[in-house]
Amino acid sequence: MPELPEVETVRTGLEKLIVGKSIENITHDWEKSFPNDPASVSQFAIGSRITAAKRRAKVLLIELSSNYTLMTHLKMTGQLVYVGNERFGAGHPNDSLINKLPDKSTRVTIKFTDGSNLFFNDQRKFGWMKLLPNELVSEEPFMQKVGPEPLEIEFTDKIFVQRVRRRKNSNIKAVLLDQTVLAGVGNIYADESLWSAKIHPATIVKDMSDKQLKLLHHELLAVLKLSIEKGGSTDRNYVNAEGKKGSYIDFAKVFRREGKPCSRCGATIEKTRVAGRGTHLCPTCQKH
DNA sequence: CACTTGACCTGTCCGC
DNA sequence: TGCGGACAGGTCAAGT
């Protein structure tokens, strides 16, 4: 669920909430969620200060004053939630998530010297947080092969078309989900952008025109930008760094709207399987 | 090589 | 009510 807009929203929150804080201690309850050498953790994380919160694709890069980075992937159910000292503070009802943490899904707890905490919660344990020297971050296999950031100005429609066409025999949905083609798109924004561009998700790339692909590029950027504006999509688990949900799902045209009318033509939205994923589409607007 | 499928996990929902 | 199975969907490894 956390895709580019969700991870970017978390990043913005972390930048505001934890940059400048010093780490007092880190604990974890699941090895794969925090697979780091304890000696490195005590030497390069404990006692360090958070200097920046960056993002590349769906990966968060929390930089430390020791020139190490806490590289974090939320995968499907990961959450990074900051909890300050005032648990029952203004704007937070007693039953809000931040008053319940840590809970049974808390995998890693980063305690700061001022008594506040950053909790890495992850129900399904697919996510991870690993400590690396800054210079080794770009050496990670994923970072080596991941494609360009779609919202960077250099990512033109020409480059989009060029990169998508490398996968000429695949269906367009699989290509949008391929992180080596472009970074950050997941199931929600693949479905939403294909609806916007009136393209059937199972369309094979070689059967598509440049005009169609350029339109898809345009619609994808619009969808990603709108979602960032709305704080991302909360389908099930996603919350931002303050434990709050995003509202993009209220603006979604097809995702989780199966059985409901298409806002463009009135036909009933369908759910099917494309590229091994649950796929939402309008059977009338999105023809092969 | 290009492309597809299964594994990693837990919680929820649906049918019997 | 309880129980099995399908499903959720990001990424990597293994398969065709």
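Chain A is the first sequence line, chain B the second, and so forth, proteins listed ahead of strands; every chain is numbered from 1.
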Hey, is R11(A) close enough to E15(A) for a salt bridge, meaning N to O under 4.0 Å? yes

Taking 4.0 Å as the cut-off, does a side-chain nitrogen or oxygen of R273(A) come that near to OP1 or OP2 on dA8(C)? yes

Taking N and O atoms by type only, does the side chain of R277(A) place a donor or acceptor under 3.5 Å from a partner on the base of dA8(C)? no

Please determine, for dG9(C), whether a Watson-Crick or G-U wobble partner exists with both distances under 3.5 Å, and give it or none. none

Lys/Arg N to Asp/Glu carboxylate O, K21(A) vs D114(A), below 4.0 Å: yes

Distance, rounded to the nearest Å, where M76(A) contributes CE and dC7(C) contributes P: 15 Å

Using only heavy-atom distances, determine whether the side chains of S227(A) and Y189(A) contain a donor-acceptor pair under 3.5 Å. yes

What I want to find out is whether K173(A) reaches D191(A) closely enough, with some N-O distance under 4.0 Å, to be called a salt bridge. yes

Can you tell me, in whole Å, how much space there is between the C1' of dC13(B) and that of dG10(C)? 22 Å

N or O in side chain of H73(A) less than 4.0 angstrom from dT11(C) OP1/OP2: yes

Does the distance from a Lys or Arg side-chain N to an Asp or Glu carboxylate O, for R56(A) and E149(A), drop under 4.0 Å? yes

Hey, is F126(A) stacking on dC8(B)? Ring centres under 5.5 Å, planes under 30°. yes

Pairing partner (Watson-Crick or G-U wobble, both distances under 3.5 angstrom) of dC9(B): none

Return the value, rounded to whole Å, for the distance between atom NZ of K168(A) and atom C1' of dT4(B). 16 Å

Output yes when at least one side-chain N/O atom of K32(A) is less than 4.0 Å from OP1 or OP2 of dC8(B), else no. no

On DNA chain C, compare the nucleotides closest to F142(A) and R124(A); which residue's is nearer the 5' end? R124(A)

On DNA chain B, check which nucleotide each of W30(A) and A275(A) is closest to and give me the residue with the more 5' one. A275(A)

N or O in side chain of Q179(A) less than 4.0 angstrom from dT11(C) OP1/OP2: yes

Report the distance from atom CH2 of W128(A) to atom C1' of dA7(B), rounded to the nearest whole Å. 17 Å

Take atom CZ of R256(A) and atom P of dT12(B), then tell me their distance rounded to the nearest Å. 15 Å

N or O in side chain of R167(A) less than 4.0 angstrom from dA2(B) OP1/OP2: no

Rounded off to whole Å, could you give me the CG-to-C1' distance for the D178(A) and dA2(B) pair? 11 Å

Fit a plane to each ring of F155(A) and F160(A), take the angle between them on a 0 to 90° scale, and name the class: parallel (under 30°), tilted (30 to 60°) or perpendicular (over 60°). perpendicular

Short side-chain N/O contact to dG9(C) OP1/OP2 from N187(A), under 4.0 Å: yes

For M143(A) and dT11(C), what is the distance between atoms CE and P respectively, to the nearest whole Å? 12 Å

Integer-rounded Å distance: dC7(C) P and Q123(A) CD: 18 Å

N or O in side chain of K75(A) less than 4.0 angstrom from dG9(C) OP1/OP2: no

P atoms of dG6(B) and dA6(C), separation to the nearest Å: 12 Å

